[in-house]
Amino acid sequence: MPSEFADSLTIWYRENRRDLAFRRTRDPYAILVAEVLLQRTRVVTGLPYYERFIVRFPSVAALASAPEEEVLKAWEGLGFYGRARHLHAAAKAVVRDHDGRIPRTFSELRELPGIGDYTAGAVASIAFGEAVPAVDGNAARVLSRVFRLGGDPSRGVARRRLMEIASSLVPATEPGTYNQALMELGSTVCRPRVPRCPACPVRGMCGALAEGRVEAYPEARRRARTPVVRVAFALAERGGKVLLVRRPAGGLLAGLWALPGGEVGPRESEGTAVVRAMRDIGLQARHGEPVGAVRHTFSHRRWEGRVWRVRVPADARPPEGAVWAGPEDLQRLPIVPFHRRFLEQSRL
DNA sequence: GTCCCGTGTA
DNA sequence: TACACGGGAC
């Protein structure tokens, strides 16, 4: 009984919703920012970023006209930096193609860079009242359990079945409230582990609970083990400044400033890799001793290696895409978070 | 250590 | 459809 499901959730939500900053706005731009910022990100992690971002870029026009470096700076530490680039591009597209107003329909939103099925559904329903689903991981878990959906709900036939059910449940009135209720329930009650079923407003309709196997849904996706990759980075200092390079536009940590270096070749030593990295930016260097360790786990690989002190000729000019960074530069530039931590711990 | 999480690209 | 893309909670 679809309307009973939606009604129960919506009533529960009015009493139990968390008071979160991005729920206190009706501004479609702010809602869009929040939804992109929270992609693959926990609410508590993203919240301070959202508050700062909205102050720094209060409108779609402000964001569209900002330098990319400042947008990345606002994103530093949040991860998946492609989201920042896409959001920036989306703002420009809104100014260019939509007269500066966030498009009001799922289909138009879906065309913007960085806006997929989830985000388009969230913005269309929450900001504009379109009756479309917004199925994030939390909503997917709730529906998987209530309807005992087998398979990995993030892909294939299981995904299509989930989306069909999700679409059929969205109420015509206040679809945004319903969508947020569904996600909030997944986040606070229908949790991945140790769900709080006695507190659930739809426990009477839950197939997984009736079966006594709530935690068996959704089916776990099998994950590949993350390979360990050796890395080496260069610490070149001169007159209280440190050499930073801008990482390339695509790929890992794209667009952030970093110590020169990166992955070490299969038959390469760390020292050789560091000298090679310096040569790649046009500087002849000799490596000294290691001055710090790098251990960082990404979603799909782990970096392990060291930071090496390097010596460059005294007259070395900063090449294209590189900068001798002093204290103000370190404050202003978006920098790879674990490089920033290293530099701060080294009191640079 | 394990688990969680949206979109783009090819 | 497979994989790239970060960080944090537990």
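Each chain gets a letter, A, B and so on, in the order its sequence line appears, and its residues count up from 1.
The CE atom of A/Met183 sits 13 Å away from the P atom of B/dC5 (whole-angstrom rounding). For the pair A/Arg155 CZ and C/dA2 C1', the interatomic distance rounds to 8 Å; values are reported in whole Å. Spacing between atom CG of A/Leu87 and atom P of B/dG6 amounts to 16 Å, rounded to whole angstrom units. Here the P atom of nucleotide B/dT9 and the CZ atom of A/Phe80 are 15 Å apart, to the nearest Å. For the pair A/Arg191 CZ and B/dC5 P, the computed distance is 14 Å after rounding to whole Å. Going from atom CD of A/Glu219 over to atom C1' of B/dC3 covers 16 Å, rounded to whole Å. In this structure, A/Leu78 atom CG and C/dG6 atom P are separated by 11 Å, rounded to whole Å.
Residues A/Ala120 and A/Pro192 both approach DNA chain B. Their nearest nucleotides, taken by heavy-atom distance, put A/Pro192 toward the 5′ side. Nearer the 5' end of DNA chain B, as judged by each residue's closest nucleotide, is the contact made by A/Arg42, out of A/Arg42 and A/Ile115.
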Output side-chain donor-acceptor pairs under 3.5 Å for residues 19-32 of chain A, partner residues at least two apart or in another chain, one line each.
{"residue": "A/Asp19", "atom": "OD1", "partner": "A/Arg24", "partner atom": "NH1", "Å": "3.0"}
{"residue": "A/Asp19", "atom": "OD2", "partner": "A/Arg24", "partner atom": "NH1", "Å": "3.0"}
{"residue": "A/Arg23", "atom": "NE", "partner": "A/Tyr13", "partner atom": "OH", "Å": "3.1"}
{"residue": "A/Arg23", "atom": "NH1", "partner": "A/Arg18", "partner atom": "O", "Å": "3.2"}
{"residue": "A/Arg23", "atom": "NH1", "partner": "A/Glu184", "partner atom": "OE1", "Å": "3.3"}
{"residue": "A/Arg23", "atom": "NH1", "partner": "A/Glu184", "partner atom": "OE2", "Å": "3.3"}
{"residue": "A/Arg23", "atom": "NH2", "partner": "A/Glu184", "partner atom": "OE1", "Å": "2.8"}
{"residue": "A/Thr25", "atom": "OG1", "partner": "A/Asp27", "partner atom": "N", "Å": "2.9"}
{"residue": "A/Asp27", "atom": "OD1", "partner": "A/Tyr29", "partner atom": "N", "Å": "3.0"}
{"residue": "A/Tyr29", "atom": "OH", "partner": "A/Phe57", "partner atom": "O", "Å": "2.7"}

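Between A/Tyr81 and the phosphate of C/dG7, there is a side-chain N or O to OP1/OP2 separation shorter than 4.0 Å. One finds a side-chain N or O of A/Thr119 lying less than 4.0 angstrom from the OP1 or OP2 phosphate oxygen of B/dT7. Put simply, A/His300 has a side-chain N or O that comes within less than 4.0 Å of OP1 or OP2 on C/dC5. Remark: A/Arg302 is not in phosphate contact with C/dG7, judged by side-chain N or O atoms under 4.0 Å from OP1 or OP2. Side-chain N/O atoms of A/Arg141 include one lying less than 4.0 angstrom from OP1 or OP2 on B/dC5.
Using a 4.0 Å heavy-atom cutoff across all strands shown, A/Ser154 reaches no nucleic acid atom at all.
Proximity note for A/Arg110 (side chain, C-beta onward) versus B/dC5, B/dG8, B/dT7: the nearest is B/dG8.
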